[in-house]
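The first residue in the sequence is number 1, and the count goes up from there. Note that the structure is predicted; figures quoted are calculated from it, not measured.
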Amino acid sequence: MQILITNIGNRNIKYKGQVYSTLELKEGRGVKQFSFRDWTNQLLDNYENEKENIQLNILDTVLKQTDVKPAKIIIVVSNQQDKAYNGQDTLYEGEVIKRLLSEKYQITDIELKELTGNVTDENFLMQFYQKLYLELLQKFSNAYFVFCDAGGTGQQKTACKLMAEFMLSDAQWKILYPKEDGSIEEKMQVEYRNIINKEQAIALVRKSQYEAALNVLGGDIHTNSNNKVFLLLSFAHFRRHRVSQQVRNIWDNTSLPARMEPCIKSACFPKARSHNEELFNILSEKSYIQMSELLYVAYHYYKTENFIDSLLSFAVFYETYIDKSLRLLDNEIKKCFSAEVGKKSGELTEAYLKNEPTLFPETMKHAKDALKKCDNYTDYKSVPLAIHLITEQDIICELRELAYILAPYIDFSKPDYNKDIKEENSIRSIRNKLAHEGVYINGAELSIRSPHYGDLLNDCLKACGLSTEDVYEQMNRIIEEQIRKAK
């Protein structure tokens, strides 16, 4: 069904062929004897006697010259409560128009919507039109809306169209503008829509919601495109989720803007920016990228005060580091065994440790003190013990610096909560509460539980040879610039 929506002003009816402003309703000093509100009230009171003298204007043109056949008409009228400013109100004119439409076009479903506040107050008007559209969409979800863009204050027209841009799809509405020469122009709201979509997308990018920003701009994460903005948003999305193959595929597309900028290129080539050469060589390029990207994400979330996702990403970072370290140790230790190589990371390291306990006295001590169990039942691959093993081993020394930094925050050597200083000692403990107990962590809570978390992130970045600049913030600025430049 079609629903016609129109604001009206004092030109929407004529009296004996003239609009209100040209009528001779004057008395001394050239001042109108009647305000528009009072004059239209008199017309309404004497409608049966006056209807032959009253003609529709503007709206009549839309109904006669277009294919608009509305099942319902909404007329927005003003009925301001402040009497000092309500002389131009259209309440009674709306009632007159309602009767004329019913008689001439046999349209019976005509509804007046009253504006009782200031018709130049844009905030009030935005709320009014939002409420109006919500009501209509709830009642008529499949309706097609036609807006007659002539009548009402300039602020009404702007608010009416802006809220429609936000709330209606392109295929759900159109605007018709009756011109003074009697013709009808269909107006396109492309620029309104572009501006709104761009600002929404930029707000989402600043929160690192790249796929949502892509959808707002009309893109699809699952569809290939050479659109520069779409490429950047897809690149950032897959980078944040560590889908390295897609990240590399997009980077290989020479249409990707700023692809040689270090903050972008380093997602595929760590040496494009600062890095730890020794750790890079030990871990392999792929492992180094994986670890550094996890750490970058955790740092970015911390800087943008998304503390929950920061802590969860950081936990994946240190678990990945431990896993890769144990795999490297396994590769070295397997030379000491003739048995089949273990299938899980750390299996050979654990076997070696149990066979040669004197080589790792501190790790053994932590196992006994913290777990109070026999060595035979201790899992040396678990995070709290593996981190001590990595710090104590001297087989691959390049792994030890980062392990020294992490150990105080993820081991079993301290209680989860230090009552004396009211401080959570273990990042691992906080992560477990987030993941398994649904605990909420904001900035204030984090500063109590782990006041040194920011320093920990910085220390880990430095140990990995990475800059303490926020790579994602740099990338987001490039994306925002490209969105604003796009036509």
Side-chain angles (χ1 to χ4, degrees), residues 2-66 68-120 128 132 146-153 156-157 160 176-184:
Q2 282 189 351
I3 297 178
L4 176 62
I5 300 176
T6 183
N7 300 305
I8 58 173
N10 61 23
R11 294 173 54 249
N12 282 87
I13 60 171
K14 289 183 177 181
Y15 185 79
K16 296 182 179 180
Q18 296 184 68
V19 295
Y20 171 76
S21 61
T22 62
L23 286 172
E24 294 295 331
L25 303 173
K26 301 179 179 179
E27 61 180 9
R29 300 181 183 177
V31 178
K32 293 263 186 193
Q33 181 180 1
F34 300 107
S35 68
F36 182 76
R37 181 189 178 108
D38 291 338
W39 177 62
T40 51
N41 191 12
Q42 287 193 8
L43 288 181
L44 181 62
D45 288 343
N46 296 285
Y47 179 77
E48 290 302 321
N49 296 325
E50 292 281 15
K51 65 181 180 181
E52 297 300 324
N53 298 319
I54 308 171
Q55 301 88 42
L56 286 167
N57 189 37
I58 301 174
L59 193 55
D60 196 40
T61 305
V62 171
L63 294 172
K64 286 193 301 186
Q65 296 189 23
T66 69
V68 175
K69 305 295 180 199
K72 183 180 183 66
I73 296 179
I74 301 290
I75 302 174
V76 179
V77 300
S78 55
N79 183 22
Q80 299 174 97
Q81 301 306 296
D82 190 338
K83 294 182 178 180
Y85 300 101
N86 70 0
Q88 294 294 313
D89 277 358
T90 57
L91 172 66
Y92 303 115
E93 179 193 26
E95 292 288 353
V96 171
I97 291 174
K98 180 177 179 179
R99 294 192 184 188
L100 291 172
L101 287 171
S102 178
E103 293 173 5
K104 186 170 183 178
Y105 294 96
Q106 289 74 53
I107 301 173
T108 56
D109 191 356
I110 303 171
E111 187 176 358
L112 304 187
K113 292 290 186 179
E114 291 187 18
L115 286 165
T116 56
N118 187 339
V119 293
T120 62
F128 171 86
L132 172 61
V146 178
F147 293 81
C148 179
D149 190 29
T153 64
Q156 276 182 260
K157 296 176 184 179
C160 176
L176 298 179
Y177 181 74
K179 301 171 73 172
E180 290 187 9
D181 63 5
S183 63
I184 303 289

Among residues at least two apart in sequence or on other chains, which ones pass side-chain hydrogen bond (donor to acceptor under 3.5 Å, both in side chains) with [X]?
X	result
N7	Y129, Q156
K51	E48
Q65	none
N49	none

My understanding is that only residues two or more places apart in sequence, or in another chain, count here; which of them pass side-chain contact (heavy atoms from CB on, under 4.5 Å) with [X]?
X	result
D45	N41
T108	none
S102	none
E111	K72, I74, K113

**Request:** Could you tell me which residues satisfy salt bridge (charged side-chain N to carboxylate O under 4.0 Å, His left out) with E103, sequence neighbours excluded, listed by chain and number?
**Result:**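 Result, salt bridge (charged side-chain N to carboxylate O under 4.0 Å, His left out) vs E103: none returned.
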**Prompt:** Can you name the salt bridge (charged side-chain N to carboxylate O under 4.0 Å, His left out) partners of K69, sequence neighbours left out?
**Reply:**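 Applying salt bridge (charged side-chain N to carboxylate O under 4.0 Å, His left out) to K69 gives none.
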**Request:** Return each pair, listed once, that meets salt bridge (charged side-chain N to carboxylate O under 4.0 Å, His left out) where at least one residue sits in residues 54-65; pairs must be two or more places apart or across chains.
**Result:**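 Passing the test, one end in residues 54-65: D60-K64, D60-K104.
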**Prompt:** Which salt bridge (charged side-chain N to carboxylate O under 4.0 Å, His left out) pairs, counting each pair once, include a residue from residues 74-95, with sequence neighbours left out?
**Reply:**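 Residue pairs with at least one partner in residues 74-95: R37-D89.
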**Message:** What's the separation between atom CD1 in I73 and atom CG in L101, rounded to the nearest 0.5 Å?
**Reply:**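 Answer for the CD1-CG pair, I73 versus L101, is 4.5 Å.
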**Message:** To the closest 0.5 Å, what do you measure between OG1 (T61) and CG (L176)?
**Reply:**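 Spacing of OG1 (T61) from CG (L176) equals 11.0 Å.
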**Prompt:** What orientation do Y15 and W39 show, parallel under 30°, tilted 30 to 60°, or perpendicular over 60°?
**Reply:**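 Perpendicular.
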**Message:** For Y47, I'd like to know if atom OH has over 12 heavy atoms of other residues, nucleotides or ligands within 6.0 Å.
**Reply:**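 Counting neighbours around OH of Y47, more than 12 heavy atoms of other residues, nucleotides or ligands fall under 6.0 Å, so yes.
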**Single hit among T22, I54, V19 for side chain to side chain contact (heavy atoms under 4.5 Å, CB included) with K14** =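 Only one option passes, and that is V19.
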